[in-house]
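Report on the following structure.
So that the names make sense, note that chain A is the first sequence line, chain B the second, and so on, each numbered from 1.
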Amino acid sequence: MAYWLMKSEPDTFSIDDLKARPGSREHWDGVRNYQARNMMRDQMKKGDQVFFYHSACAEPGIAGIATVVKESYPDHTAQDPESKYFDPKASVDNPRWFMVDVKYKRKLKRLIPLKQLKENPALSEMILVKKGSRLSIMPVSESEWQAILEME
DNA sequence: GCCAACGTTGGC
DNA sequence: GCCAACGTTGGC
């Protein structure tokens with residue numbers, strides 16, 4: 001089992017929104033970055049654990065935990081001209097973009113702010129805290145996962 | 001295959 | 001809303 005971190009803008013889709021979905025599960029559509037896509041498509045497995053990160057908001061940080069419940073399949077929003085994620089280069093034969101399904105597990109006891117993640121020496125190598133990193137999906141090592149849980 | 005121009009992310 | 005840092009696009 002692997003650990004991941006996935007970013008979402010809470011104004012669009014927050015941890016509470018995930019919890020409120022039918023079955024508390026949702027497909028993770030809209031990823032339009034190749035690095036993030038490749039990890040989702042090739043490496044994310046059912047049962048993997050995910051930190052749900054709130055980005056581009058007043059208080060960026062880790063809000064909760066989700067579980068991967070369905071492995072990668074084509075992101076249909078890429079083929080929908082009405083979608084803001086529409087990609088004219090995507091097709092049924094060449095979907096180009098993929099997504100997984102995740103299920104709400106729990107919220108952390110408190111939101112762990114990015115600021116505090118940056119201050120934790122155990123997390124100094126985390127992609128999230130590296131300058132200029134914009135990856136919306138990234139692997140988290142087991143030691144980083146544990147270190148973050150200890151900050152709860 | 002280079003690289004300038006453009007678009008996006010996301011913290012602040 | 002600003003803007004630094006990246007990623008992507010497309011002309012050549």
DNA chain B-proximal residues of residues 122-138 of chain A, any heavy atom under 4.0 Å: R134(A), L135(A)
Within residues 5-18 of chain A or reaching into it, pairs that qualify as salt bridge (Lys or Arg N to Asp or Glu O under 4.0 Å) - sequence neighbours excluded: D16(A)-K107(A)
Show which side-chain atoms of residues 35-42 of chain A pair as donor or acceptor with protein atoms under 3.5 Å away, not counting sequence neighbours.
from, atom 1, to, atom 2, distance (Å)
R37(A), NH1, R96(A), O, 3.0
N38(A), OD1, R41(A), NH2, 3.3
N38(A), ND2, Y34(A), O, 3.4

Sugar-phosphate, base or nothing in reach of R96(A), heavy atoms under 4.0 Å: sugar-phosphate
Side-chain donor-acceptor contacts of residues 23-31 of chain A below 3.5 Å, not counting sequence neighbours, with atom names and distances?
from, atom 1, to, atom 2, distance (Å)
S24(A), OG, K19(A), O, 2.8
E26(A), OE2, R21(A), NE, 2.6

Earlier contact from the 5' end, DNA chain C, for K89(A) and Q35(A): Q35(A)
Polar contact flag, side-chain donor to acceptor under 3.5 angstrom, D101(A)-Y73(A): yes
Pairing residues for K118(A) by the side chain to side chain donor-acceptor pair (under 3.5 Å) criterion, not counting sequence neighbours: none
Outermost nucleotides of DNA chain B that come under 4.0 Å of a non-hydrogen atom of chain A: dG7(B) to dC12(B)
Name the atoms and distances for all side-chain donor-acceptor pairs under 3.5 Å in residues 137-152 of chain A, with sequence neighbours left out.
from, atom 1, to, atom 2, distance (Å)
S141(A), OG, S143(A), OG, 3.2
S141(A), OG, E144(A), N, 3.1
S141(A), OG, E144(A), OE1, 3.4
E144(A), OE1, S141(A), N, 3.0
E152(A), OE1, R106(A), NH2, 3.1
E152(A), OE2, R106(A), NH1, 2.9
E152(A), OE2, K109(A), N, 2.8

Contacts under 3.5 angstrom, residues 125-136 of chain A side chains, donor-acceptor by atom type, not counting sequence neighbours:
from, atom 1, to, atom 2, distance (Å)
E125(A), OE1, K130(A), NZ, 3.2
S133(A), OG, I127(A), O, 3.2

With K115(A) via salt bridge (Lys or Arg N to Asp or Glu O under 4.0 Å) - residues at least two apart: E119(A)
